Amino acid sequence: MQVITTKNRRMKICKLLVKDETDSLELTWYNQPYLKANFHIGEEYSFFGKISKNGGHTTMVSPVFDKEGLNNNTGKIIPIYPLTYDISQNQMRKVIENGLNLVKDTLEDTLPEYILDEYELLDLNSSVKKIHFPENFKEFEKARTRLAFEELLTMQLLLLNLKNKNIEKENGIRFDKNIKMSDVINTLSFNLTNAQRRALEDIDKDMESDKTMNRLLQGDVGSR
């Protein structure tokens, strides 16, 4: 590997020429001079990245790689994480992998088994593992579905709990039962649909109660 120091001394360009029985390929990395220790003449490696043509040369910039026979970074679905500072994707993947190994099969599932069965969801330990390192995209989708389901269900339960607490703690304004919604409806110049009547009846009942009303009345486009 050739390590080139540019005029900007903070920038180091690493170039490596590799070849097999079909063609040669020029690999380039930026600011990773430590990679030089990973490559030795005569050894075989697997590389993965975007191939392009540059001045008649076939090139690949910042590929991931493995020594032949390993598949830590190639030959499978590789997660891409948002990074910060000088952490590389390889380092981040290793951190995640180590963390998963530490908690392997010890996470307590937050969803009851009947929910998992009814909606055909993965268990929590499998989902956490497969969202990072799935064997195929079907596994990834199943893991994402499970985690998204749990997130939405948790949010709904929290909102429902908050709503119930507000209803129990705060009294609403109770309206006189003798005031009828029909008196207003009968003055309209058009007829309400059955769905509109049911919605108003529900609102009427809530307003006659001392419990706080928590409703959203939604009208269709073009409604009066």
Side-chain angles (χ1 to χ4, degrees), residues 1-110 121-148 150-151:
M1 173 180 282
Q2 181 182 13
V3 179
I4 303 170
T5 301
T6 63
K7 292 181 180 179
N8 178 1
R9 293 188 176 182
R10 294 182 179 180
M11 173 66 75
K12 293 183 182 297
I13 302 176
C14 303
K15 289 187 175 294
L16 178 67
L17 183 65
V18 298
K19 62 180 180 179
D20 60 11
E21 63 276 6
T22 62
D23 202 352
S24 61
L25 179 65
E26 184 181 80
L27 309 176
T28 302
W29 292 270
Y30 296 97
N31 285 334
Q32 299 181 64
Y34 55 85
L35 292 179
K36 186 175 182 178
N38 291 283
F39 301 107
H40 304 281
I41 295 175
E43 292 188 348
E44 295 185 352
Y45 302 87
S46 299
F47 298 93
F48 179 81
K50 183 178 180 180
I51 293 179
S52 57
K53 293 286 186 179
N54 185 10
H57 298 287
T58 306
T59 64
M60 186 184 292
V61 177
S62 299
V64 295
F65 62 90
D66 281 314
K67 192 172 181 179
E68 186 66 22
L70 301 178
N71 66 336
N72 295 324
N73 301 298
T74 60
K76 61 181 183 180
I77 299 173
I78 303 297
I80 303 297
Y81 300 103
L83 302 175
T84 184
Y85 299 107
D86 295 326
I87 300 176
S88 68
Q89 286 292 340
N90 286 344
Q91 291 170 328
M92 180 60 74
R93 280 193 285 268
K94 192 62 180 176
V95 168
I96 297 296
E97 187 176 9
N98 290 340
L100 291 175
N101 288 333
L102 286 174
V103 299
K104 185 177 180 180
D105 299 329
T106 62
L107 298 176
E108 184 177 354
D109 213 314
T110 52
L121 301 173
L122 293 177
D123 62 89
L124 182 59
N125 285 284
S126 297
S127 299
V128 171
K129 178 182 177 181
K130 295 180 187 300
I131 197 70
H132 290 281
F133 301 107
E135 293 293 331
N136 50 60
F137 284 105
K138 185 177 180 180
E139 282 191 355
F140 170 77
E141 289 297 337
K142 288 181 71 69
R144 185 170 66 172
T145 298
R146 151 63 205 254
L147 297 174
E150 182 176 358
E151 182 178 349

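Quick caveat: nothing in here was measured; it's all calculated off a predicted structure.
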(request) Applying side-chain contact (heavy atoms from CB on, under 4.5 Å), run through Lys15 and Leu27 and close with a yes or a no. (result) CA-CA 6 Å; Lys15 289 187 175 294; Leu27 309 176; over 6 Å; no
(request) State, yes or no, whether a side-chain contact exists between Lys76 and Ile78 at a heavy-atom distance under 4.5 Å. (result) yes
(message) Just checking Lys104: does its NZ atom have more than 12 heavy atoms from other residues, nucleotides or ligands closer to it than 6.0 angstrom?
(response) no
(request) Please determine, by modelled atom types, if Thr22 and Asp20 share a side-chain donor-acceptor pair under 3.5 angstrom. (result) yes
(request) Kindly indicate, with the supporting measurements, whether the criterion side-chain hydrogen bond (donor to acceptor under 3.5 Å, both in side chains) is fulfilled by Thr58 and Lys53. (result) CA-CA 5 Å; Thr58 306; Lys53 293 286 186 179; 2.8 Å; yes
(message) So Leu124 and Leu147, do their side chains get closer than 4.5 Å, heavy atoms only?
(response) yes
(message) Tell me whether Phe133 at atom CZ has more than 12 heavy atoms from other residues, nucleotides or ligands lying less than 6.0 Å away.
(response) yes
(message) Please report the interatomic distance CG(Leu122) to OG1(Thr145), rounded to the nearest 0.5 Å.
(response) 8.5 Å
(message) Looking at Ile131, is its backbone amide N or carbonyl O close enough to the side chain of Arg144 to form a donor-acceptor pair, meaning the two atoms are under 3.5 Å apart?
(response) no
(request) Would you please say whether a donor-acceptor pair under 3.5 Å links the side chains of Ser46 and Asp66? (result) no
(message) With a 3.5 Å distance limit and no angle check, can you tell me whether Ser126 reaches the backbone of Asp123 through a side-chain donor-acceptor pair?
(response) no
(request) Please report the shortest heavy-atom distance between Cys14 and Met1, naming the atom on each side. (result) CB-SD, 3.7 Å
(message) Would you say that Phe140 contacts Lys130 through its side chain, given a criterion of any heavy-atom pair below 4.5 Å between the two side chains?
(response) no
(request) Decide yes or no for Met60 and Thr28: does some side-chain heavy atom of the first lie under 4.5 Å from some side-chain heavy atom of the second? (result) no
(message) Are the side chains of Gln89 and Leu83 in contact, using a 4.5 Å heavy-atom criterion?
(response) yes
(message) Nearest 0.5 angstrom please: Gln91 CD to Ile96 CD1, how far?
(response) 12.5 Å
(request) Check the pair Glu43 / Lys67 against salt bridge (charged side-chain N to carboxylate O under 4.0 Å, His left out), numbers first and verdict last. (result) CA-CA 8 Å; Glu43 292 188 348; Lys67 192 172 181 179; 3.5 Å; yes
(message) Within the supplied structure, the quantity of interest is the number of heavy atoms (other residues, nucleotides, ligands) at a distance under 6.0 Å from Glu68 CD; does it exceed 12?
(response) yes
(request) Apply side-chain contact (heavy atoms from CB on, under 4.5 Å) to the pair Val128 and Leu100, showing each step before the final yes or no. (result) CA-CA 8 Å; Val128 171; Leu100 291 175; 3.5 Å; yes
(message) Parallel, tilted or perpendicular: which one describes the rings of Phe65 and Trp29, with boundaries at 30° and 60°?
(response) perpendicular
(request) Report yes or no: does Asn31 contribute a side-chain atom to a donor-acceptor pair with the main-chain N or O of Ile13 at less than 3.5 Å? (result) no
(request) State the NZ-CD distance between Lys19 and Glu26, to the nearest 0.5 angstrom. (result) 14.5 Å
(message) Around atom OH of Tyr34, are there more than 12 heavy atoms from other residues, nucleotides or ligands closer than 6.0 Å?
(response) yes
(request) Measure across Thr74 and Val64 and return the closest heavy-atom pair with its distance rounded to 0.1 Å. (result) CG2-O, 3.9 Å
(request) For the pair Arg146 and Glu150, evaluate salt bridge (charged side-chain N to carboxylate O under 4.0 Å, His left out) and give the outcome as yes or no after the intermediate values. (result) CA-CA 6 Å; Arg146 151 63 205 254; Glu150 182 176 358; 2.8 Å; yes
(request) Decide yes or no on side-chain contact (heavy atoms from CB on, under 4.5 Å) for Ile80 and Arg93, but give the supporting numbers first. (result) CA-CA 8 Å; Ile80 303 297; Arg93 280 193 285 268; 4.0 Å; yes
(request) Give the ring-plane orientation class for Tyr45 versus Phe47, where under 30° counts as parallel, over 60° as perpendicular and anything between as tilted. (result) tilted
(message) Let me confirm one number: the OH-CD1 distance from Tyr81 to Ile87, rounded to the nearest 0.5 Å.
(response) 12.5 Å
(message) Is it the case that the side chain of Glu139 and the backbone of Glu135 share a donor-acceptor pair, with hydrogens and angles ignored and the cut-off at 3.5 Å?
(response) yes
(message) Within this structure, what is the CG-NZ distance for the pair Leu107 and Lys129, rounded to the nearest 0.5 Å?
(response) 12.5 Å
(request) Starting at CD of Gln32, measure out to OG of Ser62 and round the result to the nearest 0.5 Å. (result) 6.0 Å
